[in-house]
Amino acid sequence: MQKELKIYNTLSGQKEVFVPIHADKVGMYVCGPTVYSDVHLGNCRTFISFDMIYRYLLYLGYKVRYVRNITDAGHLENDADEGEDKISKKARLEELEPMEIVQKYTVGFHAILKQFNTLPPSIEPTATGHIIEQIEIVKDIIAKGLAYESNGSIYFDVEKHNQKHDYGVLSKRKIEDLISGTRDLDGQDEKRSPLDFALWKKASPFHIMRWPSPWSQGFPGWHLECTAMSQKYLGSRFDIHGGGMDLKFPHHECEIAQGEAVNGHSPVNYWMHANMLTLNGKKMSKSTGNNLLPEELFTGNTDLLDQGFHPTVARFFMMQAHYRSELDFSSEALKASEKGFHKLMNGIKALDKLPTANTSSENVELLLIRLHDAMNDDFNTPILIANLFEIISFTNKVNDGNASVTEKDLNDLKTVIHSMVFDVLGLTFLEEVGNDKLAGTMEVILTLRKNARDQKDWGTSDLIRDKLSEVGIQIKDGKEGTSWTIS
RNA sequence: GGUCCUGUGGCCGAGCGGUUAGGCACCAGUCUGCAAAACUGUGUACAGCGGUUCAAAUCCGCUCGGGACCUCCA
């Protein structure tokens with residue numbers, strides 16, 4: 001029987017036993033990207049983390065509805081009134097229609113995530129596709145007296161809302177501290193309080209992305225789309241809401257406030273936050289330029305790396321750290337992971353040809369329980385991987401004749417390891433063989449080399465090996481003949 | 001300035017009251033014509049100072065580093 005899954009809930013600050021609202025079903029919402037520029041590796045880490053979480057929930061047998069939005073409505077660059085919206089700005093810079101920008105970067109986002117072998121969400125709604133729903137929510141909040149109009153824009157009245165609810169529950173902030181700690185920003189005169197946030201913004205004359213509303217030609221506030229779409233597809237209260245740590249405040253805090261304002265209760269049971277990927281010890285960020293593009297990682301075409309890394313290796317690297325820990329990106333760490341990755345994959349391949357015996361020298365059942373324990377403990381993938389290495393070490397000993405395993409145990413091992421590595425961690429074998437013609441050519445070359453070796457013509461033998469190495473093909477002499485890999 | 005997180009062996013990275021996580025590197029060994037690859041074995045580290053406890057990397061206090069959020073960001 002499956003042990004219970006525990007999830008760290010940001011709301012309570014501790015791990016809690018996961019109990020879904022409807023048995024066997026999970027509703028999960030994850031904040032997606034704003035599609036105005038290329039996703040960088042830090043963005044990817046969050047989506048890969050939640051992909052792993054989605055995969056494990058599926059593995060446990062839950063029917064999961066996974067909703068991840070695309071933010072394609074232009075939001076302002078800052079909280080000031082006169083800022084240009086990000087998508088319009090990019091459109092101007094690239095001389096494209098705003099919707100061309102949205103399309104371009106949405107397609108790019110999907111292409112990158114596919115390379116990282118992430119599963120597509122069940123629903124991927126867009127903000128611009130839910131303007132009507134958002135307007136309805138604004139009307140509702142106004143009707144409840146928790147929002148006010150100011151010069152065609154609508155703002156959420158945080159202090160009034162705080163009288164009945166606790167604004168700051170998620171990020172552990174007190175409203176008094178927030179008020180006193182507010183920075184002075186330009187153009188906030190429309191708001192009654194600096195804490196108030198926009199539900200609807202009146203568009204300035206040059207703002208292209210705009211929609212009609214009862215209050216003005218304008219566009220919805222950033223926090224509103226997630227409330228509208230999560231409520232529409234998952235209901236007014238659902239199980240899991242995820243996103244990057246940097247969205248905790250104010251974005252998720254505002255989502256809670258909006259949900260409470262509309263429905264009278266908190267919208268989410270378990271809030272999950274994935275931690276940042278850092279570069280040089282600092283958070284990767286679009287605005288500061290401290291980031292790395294996936295493409296640069298794959299090709300190695302950057303000063304930060306001296307070689308490229310396969311997406312699945314990068315994914316493995318990320319899985320070796322817990323999703324709630326910061327992870328610092330470096331070439332050295334990647335290289336170490338790459339070797340470990342090969343060790344794991346070689347071990348898995350070797351599973352197919354392992355000899356079996358009447359007894360097992362290890363308690364296989366216990367080894368498998370540990371795998372599940374790790375994942376049930378708030379998706380602890382580093383522990384999972386450590387345990388996988390322990391198992392591989394055992395099976396390698398079986399391979400060397402220094403340990404034994406029964407056929408049943410071996411089959412159990414294979415089943416669970418395959419599930420964990422491919423289905424849950426989402427890793428893949430690196431494709432090795434180029435094509436049939438290359439394979440045929442290599443066969444010829446290796447035959448010639450074998451002939452040379454049989455005649456102890458080491459000069460020819462080593463020449464073939466070295467020249468192949470120069471073009472990126474590694475030769476490995478083993479007991480069962482010579483194999484080769486493309487590096 | 002406020003709120004919160006964090007500091008682990010050469011590097012990455014788990015653990016968070018008592019059992020030497022794991023990976024990489026290093027070193028040694030097996031294999032090999034030599035290599036490479038692969039496999040095996042070896043490391044008692046927890047920022048500093050105090051305290052609580054039979055017992056602390058793990059709890060508490062202070063000091064010193066690093067980071068996130070408080071403005072758009074995953």
Side-chain angles (χ1 to χ4, degrees), chain A residues 13 30-34 36-37 39-50 71 75-80 83 85-86 168 171-174 176-178 180-183 185 194-195 222 242-251 253 273-278 281-288 291 316-317 320-322 324-330 332-344 346-347 350 370 374 377 380-390 392-393 396-397 399-400 402 453 456-458 461-462 465-466 469 474-479 482-485:
Chain A
V30 173
C31 290
T34 303
Y36 71 101
S37 65
V39 278
H40 63 246
L41 213 55
N43 300 315
C44 293
R45 164 130 96 147
T46 296
F47 301 124
I48 290 170
S49 292
F50 284 102
T71 299
H75 295 299
L76 296 178
E77 293 233 286
N78 54 45
D79 216 13
D85 91 64
K86 285 179 291 194
S171 53
K172 312 281 181 279
R173 282 158 212 260
K174 290 193 175 66
E176 306 84 63
D177 296 339
L178 285 167
S180 64
T182 310
R183 298 179 194 176
L185 290 169
L195 292 189
W222 176 40
M245 207 76 112
D246 50 354
L247 296 185
K248 215 193 308 188
F249 189 91
H251 185 56
E253 203 72 72
H273 293 277
N275 217 138
M276 301 292 102
L277 183 64
T278 62
K282 295 254 166 59
K283 169 189 175 183
M284 281 198 198
S285 164
K286 284 182 185 176
S287 52
T288 61
N291 63 35
F316 179 72
F317 166 70
Q320 277 192 296
H322 189 88
R324 278 191 292 112
S325 297
E326 278 178 19
L327 175 62
D328 195 53
F329 184 91
S330 73
E332 291 68 31
L334 252 309
K335 274 189 210 167
S337 273
E338 186 176 44
K339 294 208 174 168
F341 172 80
H342 285 126
K343 180 176 185 168
L344 181 64
N346 285 334
R370 284 202 194 124
D377 184 16
N380 199 324
T381 53
I383 295 284
L384 170 70
I385 291 171
N387 290 336
L388 284 169
F389 276 114
E390 295 277 2
I392 291 304
S393 175
N396 282 340
K397 279 179 195 156
N399 194 223
D400 292 346
N402 296 323
R453 295 182 74 210
K456 299 203 191 302
D457 178 2
W458 310 128
S461 162
D462 292 351
R465 181 216 285 160
D466 296 344
S469 175
Q474 260 61 55
I475 297 264
K476 294 168 193 167
D477 293 324
K479 270 186 222 153
T482 302
S483 62
W484 57 279
T485 54

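Sequence lines set the chain letters: A, B, ... in the order given, protein chains first and strands last, and positions in each chain run from 1.
Spacing between B:rA57 and B:rU52 at atom P, rounded to whole Å, works out to 16 Å. Separation of the C1' atoms belonging to B:rC72 and B:rG13 is 32 Å when rounded to the nearest angstrom. The gap from the P atom of B:rG18 to that of B:rC26 amounts to 34 Å, rounded to the nearest Å. Comparing B:rC12 with B:rA45, their C1' atoms sit 14 Å apart, to the nearest whole Å.
Counting only heavy atoms from C-beta on, A:K343 has its side chain closest to B:rC39 among B:rC69, B:rC39, B:rA68. In the set B:rC39, B:rG2, B:rA74, B:rC39 carries the atom at the smallest distance from any side-chain atom of A:N396. The nucleotide whose nearest atom lies closest to any side-chain atom of A:D400 is, among B:rU3, B:rC39, B:rA68, B:rC39.
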For each nucleotide in nucleotides 4-21 of chain B, reading 5' to 3', give B when a protein heavy atom comes within less than 4.0 Å of its base, S when such contact involves only the sugar-phosphate, and - otherwise. --------SSSS-----B
Paired and unpaired positions of RNA chain B as dot-bracket, Watson-Crick or G-U wobble under 3.5 Å, | denoting a partner strand: (((((((..(((.....[...)))..((((.......)))).....(((((..]....))))))))))))....
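Nearest-nucleotide positions on RNA chain B for A:M245 and A:S393 put A:S393 closer to the 5' end. Take the nearest nucleotide of RNA chain B for A:K286 and for A:T278: the residue whose nucleotide is more 5' is A:T278.
In this structure, the side chain of A:E253 engages the main chain of A:S171 through a donor-acceptor pair within 3.5 Å. Although no hydrogens or angles enter the test, the distance criterion places no donor-acceptor pair under 3.5 Å between the side chain of A:D477 and the main chain of A:T482.
Under the salt bridge (charged side-chain N to carboxylate O under 4.0 Å, His left out) criterion, A:D462 pairs with A:R465, not counting sequence neighbours. In this view, A:R324 and A:D378 satisfy the salt bridge (charged side-chain N to carboxylate O under 4.0 Å, His left out) rule, not counting sequence neighbours. Judged as a salt bridge (charged side-chain N to carboxylate O under 4.0 Å, His left out), and not counting sequence neighbours, A:R173 has no contacts.
Within the 4.0 Å cut-off from OP1 or OP2 of B:rA25, at least one side-chain nitrogen or oxygen of A:K339 is found. The side chain of A:K397 contributes an N or O atom lying less than 4.0 Å from OP1 or OP2 of B:rG41.
When all heavy atoms are compared, the tightest approach of A:G281 to A:T278 is C-CB, 3.9 Å. For the residue pair A:M284 and A:G42, the shortest heavy atom distance occurs at SD-N, 3.6 Å.
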Tabulate atom names and distances for all N/O pairs under 3.5 angstrom spanning the protein and nucleotides 33-36 of chain B.
from, atom 1, to, atom 2, distance (Å)
B:rG33, N7, A:R453, NH2, 3.3
B:rG33, O6, A:S461, OG, 3.2
B:rG33, N1, A:D462, OD1, 3.1
B:rG33, N2, A:D462, OD2, 3.1
B:rC34, N3, A:R465, NH2, 2.4
B:rC34, N4, A:R465, NH2, 2.9
B:rA35, N6, A:D477, OD2, 3.1
B:rA35, N3, A:R465, NE, 3.4
B:rA35, N3, A:R465, NH1, 3.4
B:rA35, N3, A:R465, NH2, 3.3
B:rA36, N1, A:D477, O, 3.3

